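I have placed the structure first, in the form of structure tokens, so that the comments after it can refer back to it.
Note that ligands are numbered from 1 as they come in the structure, with each ligand's atoms numbered from 1 the same way. Values in this document were obtained by computation on a predicted structure and should not be read as measured data.
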Amino acid sequence: MNVPYFDLPAQIRSLRPELDAAIARTLDSCAFCLGPEVAQFERDFGAYVGAAHCVGFNSGTSALHVAMRVLDIGPGDEVVTTPFTFVATSWAIAYVGAKPVFVDIDDGTMNMDPALLEKAITTRTKAVMPVHLYGQPFELDPILEICRRRGIPLVEDAAQSHGAAYKGRAVGSFGEMSAFSFYPGKNLGACGEGGALLTSNTAYAKRAVALREHGSTVRYYHDEVGYNYRMEGIQGAVLNVKLKHLSAWNSARRRTAHRYHKLLAQTPLQLPVEAPNCESVYHLYVVRHPKRDKLKEHLQARSIGSALHYPLPLHLQKCFAGLGHKPGDFPVCEKAAKGCLSLPIYPELTDSQVEYVAAAICDFKEW
Ligand SMILES: Cc1ncc(COP(=O)(O)O)c(C=O)c1O
């Protein structure tokens with residue numbers, strides 16, 4: 001048996017007639033930059049998340065960047081975030097000339113540890129930006145309580161968590177703003193790049209719309225320095241097709257995760273935990289063990305794909321050498337980086353493939 005780490009071709013095959021029709025509609029209308037398909041998607045995805053405004057972007061990175069601009073964050077300011085995430089979370093902070101201030105993660109959830117947040121806040125803190133990592137909501141109540149008490153806006157990096165819920169409410173609707181990515185491999189992915197900024201603050205939404213379009217609200221008049229960050233019409237059309245399947249896909253991922261939990265319970269692996277009040281959508285299923293490199297090879301030899309998310313925490317990346325961090329600064333995160341291994345998880349994965357992966361892991365003798 002062959003179990004690819006991810007099987008996007010299978011998803012595209014299953015939707016091919018719908019996608020062909022959606023792309024053909026856009027070719028006919030020639031609405032390539034924004035346009036009616038993007039507007040439709042913005043309405044529907046905003047309603048899905050429960051935010052008053054959804055602004056379509058050309059990537060999640062762009063949406064996060066604009067969230068920083070909307071909050072007028074700039075040089076001399078600090079934004080508190082997690083060191084255990086995809087680097088784009090911190091790009092948004094770096095792009096506006098601000099400083100990322102890292103807070104270590106919780107060993108169980110691998111999300112920002114709320115108990116450590118307050119110590120990282122200074123008079124220069126202009127936002128707190130945790131990540132709903134791997135599809136699992138971060139602990140919203142304690143983080144929101146600190147943000148509200150200290151008067152600091154919360155920006156949710158929800159790039160990996162389309163449809164994840166905290167106390168029954170979708171993530172992306174809690175902070176002043178949130179950002180999603182529609183990179184093709186995400187739970188909801190475009191056929192190319194895409195992203196969105198969500199907010200229930202009308203003034204923030206208006207500013208995000210202007211910044212996305214060269215800093216202008218009236219064509220050829222530019223009130224501030226902006227960007228070409230528009231979502232493409234074809235991506236809006238594709239996302240309209242795929243959004244209809246998102247809930248079913250998330251349920252299938254949750255079902256696979258629960259099968260893995262059961263089948264791997266007796267192994268020495270540290271399995272993902274779903275924190276109380278949190279409904280994860282399992283963008284990734286990440287197990288941990290110090291021998292993960294050996295385990296990865298063992299799986300590869302049995303035609304099972306796996307991946308590392310993420311092998312090097314942000315505070316130890318070369319690009320942030322200027323921050324002066326050293327190994328040991330965020331020990332929980334560093335341990336997670338050394339032990340993490342992402343197993344195949346996607347809606348098209350069959351029960352027998354899941355069983356094959358689990359059996360291969362149970363066969364591993366070099367713990
Ligand atoms: C946590 C996180 N933040 C931000 C991004 C950036 O999104 P994009 O790739 O759409 O720019 C991603 C995805 O790649 C991500 O996983």
Set of residues that line ligand 1, where lining means a heavy atom lies under 4.0 Å from it | Ser59, Gly60, Thr61, Leu64, Thr85, Phe86, Ala88, Thr89, Val131, Asp157, Ala159, Gln160, Ser181, Lys186, Gly194

His298 pairs by side chain to side chain donor-acceptor pair (under 3.5 Å) with which of Arg302, Lys296, Lys294?
-> Arg302

Take atom CZ in Arg148; do more than 12 heavy atoms of anything else shown fall under 6.0 Å from it?
-> no

Residues forming a side-chain contact (heavy atoms from CB on, under 4.5 Å) with Asn277, sequence neighbours excluded | Tyr166, Lys167

Got a sec, which residues hit side-chain contact (heavy atoms from CB on, under 4.5 Å) with Ala337, two or more places apart in sequence or on another chain?
-> Phe84, Pro313

Give every donor-acceptor pair under 3.5 Å between a side-chain atom in residues 31-47 and any protein atom, sequence neighbours left out.
residue, atom, partner, partner atom, Å
Glu37, OE1, Asn240, ND2, 2.9
Glu37, OE2, Arg25, NE, 2.8
Glu37, OE2, Arg25, NH2, 3.2
Gln40, OE1, Arg43, NH2, 3.1
Gln40, NE2, Asp44, OD1, 3.3
Gln40, NE2, Asp44, OD2, 3.1
Glu42, OE2, Gly56, N, 2.6
Glu42, OE2, Arg212, NH1, 2.9

Could Arg254 and Tyr282 be counted as a cation-pi pair, given that NZ or CZ must be under 6.0 Å from the ring centre and within 45° of the axis?
-> no

